[in-house]
Amino acid sequence: MPKLVYVDNAATTNLSKSVINAMIPYYTENYGNPSSLYSIGRDAKKAIEFAREEIANCFNADVNEIFFTSGGSESDNWAIKGIAYEQAKKGKKHIITSKIEHHAVLHTTEFLENEGFEVTYLNVNEDGIINTDELENAIKPDTALVTIMYANNEIGTIQPIDEIGTICRKYNVIFHTDAVQAVGNIEIDVKKQNIDLLSVSAHKVHGPKGVGVLYVRRGIKILNLIHGGAQERGRRASTENVAGIVGASVAIKEACHNINEKVSKISRLRDYLIDEVLKIEKSRLNGSRTHRLPGNANFCFEGIEGESLLLLLDMQGVCASSGSACTSGSLDPSHVLLSIGLPHEIAHGSLRISLSDYNTKEEIDYILEILPGIINKLREMSPLWEKIVCENTK
Ligand SMILES: *Cc1c(COP(=O)(O)O)cnc(C)c1O
């Protein structure tokens, strides 16, 4: 048995060796404040500007369109609040998003609703994909912003971002996308895809936690979220997380390198996993089979509870999740699974397995070896399962 099988890469990832090595000098000899004038300060400044350039290149952005933040959540908050308050000055107070966004987006739009903004939450179909006609119909003269995630963190569904970008451009509405889960899995070109703002997080692509990126297209006016010093060209105060920024740039650059090769390797593993898991009775795959992140597999097993499944997997060395890390701890079923039309009792029995290019076929085989037994054991103890079996034999 492998010591630890980590298949929760949508929650966070291991740091890659090259990322750690790139970061260490900025914790040891190059600890200068990038705003200082002496040499170790200037070196830190140079490292940040080099990182900015590297990241800009990954998304076909310009170097001065890249801003560093404290993570994906801050990038989402800044993009949405920064645009909303700026556009409100012109009387535009309507925002369009979807029902399956990450909470960094949904809780921000809910906050803005309390501040007097109007928010339209687009439905998704049973695969978790928005309808672009519904989007187009929702746009009004006072629409300030469309914010739709690139790929979903729970069910891996990929949205039609090119089409959404085209629609937003046609109506001259600002378009933000939370691309945290898409980076490294899909090629992103902000110019070609008409993306005005894009959120990225380093720790989802083998980079450090607590570092994010917000791309803001040149000419887009956005209010500051963090006020203070003149860092990030006066747009985002606070002494830069130099080592984190350097690590983020190495991680993002590696993620965007050889995407096709990685995607075909990871999706082969994922498809093998999906085909085998679906042999378990009363199981289903959540999300689209085709418009799906290469590493994402999300299942429901009738008659069992996701949390107990996770505990038993953990006892056998497997780190997976049920829905997202942010909702675990609460007993509410995932808003994403409910939005794709699953009833509460089925949404409760979900399991998300998210792979990265560090995972191997041996690890998948190990999961496949233990999973059916765990599910049987839980079902034997489940009154819910008894009921399902009874209804089926009637
Ligand atoms: C993880 C995640 C975030 C939050 O990023 P942090 O860096 O953890 O703040 C936002 N959106 C999506 C889709 C994510 O998966």
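Note that the structure is predicted; figures quoted are calculated from it, not measured. Below, each value reflects all heavy atoms present in this structure, side chains not excepted, and no hydrogens, waters or symmetry copies. Each ligand, and each atom within it, is numbered from 1 in the order the structure gives.
Salt bridge status for E115 with K81: absent, with no side-chain N to carboxylate O gap under 4.0 Å.
Judged by the 6.0 Å and 45° rule, K99 forms no cation-pi pair with Y121. Geometrically, R217 does not engage F175 in a cation-pi contact, judged by NZ or CZ lying under 6.0 Å from the ring centre and within 45° of the ring axis.
Considering each of V211, D178, V200, the one bringing a non-hydrogen atom nearest atom 10 (C) of ligand 1 is D178. Of all the listed residues (G207, G72, G210, A11), G72 holds the heavy atom that lies closest to atom 5 (O) of ligand 1.
If you look at E74 next to ligand 1, there are no close heavy atoms at all, none under 4.0 Å. The part of K204 lying near ligand 1 is the side chain, judged by heavy-atom distances below 4.0 Å.
Nearest protein neighbour of atom 3 (C) of ligand 1, counting heavy atoms only, is H102 NE2, 3.5 Å. Summary of contacts: the protein heavy atom closest to atom 7 (O) of ligand 1 is S201 OG, 2.7 Å.
Contact atoms of ligand 1 toward G71: 7 (O) (distance under 4.0 Å to a heavy atom of the residue). Less than 4.0 angstrom separates some heavy atom of N153 from each of these atoms of ligand 1: 13 (C), 15 (O). Taking every non-hydrogen atom of H203 and a distance limit under 4.0 Å, the qualifying atoms of ligand 1 come out as 6 (P), 7 (O), 8 (O).
Evaluated for a side chain to side chain donor-acceptor pair (under 3.5 Å) with S199, the options T147, D76, T177 yield exactly one hit, D76. Applying side chain to side chain donor-acceptor pair (under 3.5 Å) to R236 and the options E74, Q231, H227 leaves one that passes, E74.
Remark: ligand 1 and S73 share an N or O pair separated by less than 3.5 Å (distance only, no angle test).
Here the side chain of K45 pairs no donor or acceptor atom with the backbone of S35 at under 3.5 angstrom.
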(message) One pair to check against side chain to side chain contact (heavy atoms under 4.5 Å, CB included): N131 and N123. What are the steps and the verdict?
(response) CA-CA 8 Å; N131 179 330; N123 292 306; over 6 Å; no
